[in-house]
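These numbers come from a predicted model, not from an experiment.
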Amino acid sequence: MAAPTKVLMLHGHSQNASIFSKRLGALRKSMGKGIEMVFIDGPIVLLPVDLNGASSAASLAALGASEANATSSDPSTTPRAWWKTNPEKTIAHGLEESILLLRDILQRDRYDGVFGFSQGAAMAALLAALLERPHSYPPFLVDGEGPHPPFKFCVAVSGFKAPGSLSAEIFGTSYSTPTLHVLGRNDVIVIEERSQGLLDLSQNKRLEEHDGGHFVPSKANWREFLRNYLTNPLGVIPSLEPRNIIQPTSDD
């Protein structure tokens, strides 16, 4: 019996592994025994002051983290992140810490691919690029080599390019890991222009859109699509909402 496809799951800003796992409950259950999703916590614990006014229930709900509570001692509701950013969103404070955490996780086990949401999607794509060029950030190396082979696939839902000079150095001009980009047409948190920066770097990309906002789509058709993609990312999987493509006119 073939080993299950193992996928590293990276949560969004203000979420944590527990919140993200619960949010994807229906998706997880639809995966069956052939796909194993491994949810991990970002290393940066967010305090009320870090949430920049996002501590209101409405703001946290918009981020997909209504369960988060920055004043609680319960680790399952502690809001976390992969980095903190400045108001201009040009710096990623703590990104190095996240990279080293992921290095240690990758050194211990093997994963077929990575799946991230929002800031986790930005981290997922950055990690995919880093595994292609591990020497671009020497602290990531283990005995002079990358800690893990390049991923077979990356899924970035509501993704964007991580800010800062380290991110730019790791990505270079592009990265080649096959990447499924899933965007919400009504996403007001990560708008289309922000997502475009990551799409432009993605050499082997597939773009799928849903009519919703800032969340991982989980209707039955999307669960089936994502299960098929994670099972065989290079397979022929019809789009859920094919775009209208103008066919070339015949010379006949």
Side-chain angles (χ1 to χ4, degrees), residues 6-25 27-28 36-52 54-55 59-86 89-109 111 113-131 137 139-140 147-148 151 154-164 166-167 170-171 179 182 189-190 194 198 214-216:
K6 187 173 281 193
V7 187
L8 190 64
M9 305 292 293
L10 307 183
H11 63 78
H13 186 278
S14 301
Q15 295 181 333
N16 58 38
S18 175
I19 292 172
F20 193 37
S21 176
K22 288 176 182 175
R23 293 239 159 191
L24 298 189
L27 181 63
R28 278 191 294 108
E36 180 183 355
M37 293 177 156
V38 180
F39 293 79
I40 62 168
D41 279 327
I44 298 171
V45 173
L46 298 175
L47 304 174
V49 69
D50 297 319
L51 297 175
N52 295 324
S55 56
S59 298
L60 284 170
L63 292 170
S66 55
E67 305 90 334
N69 185 343
T71 61
S72 171
S73 59
D74 181 356
S76 71
T77 62
T78 299
R80 290 177 173 270
W82 301 101
W83 66 82
K84 297 179 188 179
T85 191
N86 58 334
K89 292 185 167 55
T90 56
I91 301 173
H93 298 291
L95 178 59
E96 297 85 354
E97 184 182 350
S98 289
I99 288 175
L100 296 184
L101 169 77
L102 291 164
R103 174 200 65 188
D104 295 344
I105 288 170
L106 292 173
Q107 192 180 358
R108 292 194 295 265
D109 209 346
Y111 295 87
V114 62
F115 183 121
F117 166 65
S118 196
Q119 193 188 67
M123 192 75 234
L126 185 71
L127 186 60
L130 185 54
L131 288 175
Y137 185 56
F140 185 64
H148 188 284
F151 289 132
C154 170
V155 179
V157 181
S158 297
F160 54 93
K161 181 190 175 187
L166 177 56
S167 170
I170 290 169
F171 276 117
T179 301
V182 179
I189 304 294
V190 179
R194 199 169 170 210
L198 182 59
H214 193 66
F215 56 81
V216 178

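- Residues satisfying the ring pair (Phe, Tyr, Trp, His ring centres under 6.0 Å) test with F140, not counting sequence neighbours, are none.
- Side chains of L46 and R80 form no contact here, defined as non-hydrogen atoms less than 4.5 Å apart.
- Between T85 and H93, the side chains place no donor N or O within less than 3.5 Å of an acceptor N or O (distance only, hydrogens not considered).
- Scored by the ring pair (Phe, Tyr, Trp, His ring centres under 6.0 Å) test, F39 finds F20 as partners (sequence neighbours excluded).
- Inter-residue side-chain proximity for V157 and F115 is flagged as met; some heavy-atom pair is nearer than 4.5 Å.
- With hydrogens and angles left out, the side-chain atoms of T78 and D74 include no donor and acceptor closer than 3.5 Å.
- Within the structure, the salt bridge (charged side-chain N to carboxylate O under 4.0 Å, His left out) test picks out the following pairs touching residues 60-69 (sequence neighbours left out): R23-E67.
- For the residue pair S167 and A162, the shortest heavy atom distance occurs at OG-O, 2.6 Å.
- Shown here are the salt bridge (charged side-chain N to carboxylate O under 4.0 Å, His left out) partners of D109, two or more places apart in sequence or in another chain: K6.
- In this structure K22 satisfies the salt bridge (charged side-chain N to carboxylate O under 4.0 Å, His left out) test with no other residue, sequence neighbours excluded.
- No close placement of the H13 and W82 rings is indicated, their centers lying 6.0 Å or farther apart.
- Checked by atom type and distance alone, the side chain of N16 never pairs as donor or acceptor with a backbone atom of G42 at under 3.5 Å.
- E36 contributes no side-chain N or O that, together with a main-chain N or O of V7, makes up a donor-acceptor pair within less than 3.5 Å.
- Taking N69 as the reference, T71 meet the side chain to side chain donor-acceptor pair (under 3.5 Å) condition, with sequence neighbours excluded.
- Here the side chains of V216 and L24 are in contact, with some heavy-atom distance below 4.5 Å.
- The main-chain N or O of P139 is found under 3.5 Å from a side-chain atom of R103 such that the two form a donor-acceptor pair.
- A donor-acceptor contact shorter than 3.5 Å is absent between the side chain of H11 and the backbone of I19.
- The two residues L130 and I99 come nearest to each other via the heavy atoms CD2-CG2, 3.7 Å.
- Across all their heavy atoms, V190 and G159 have their closest contact at CG1-O, 3.6 Å.
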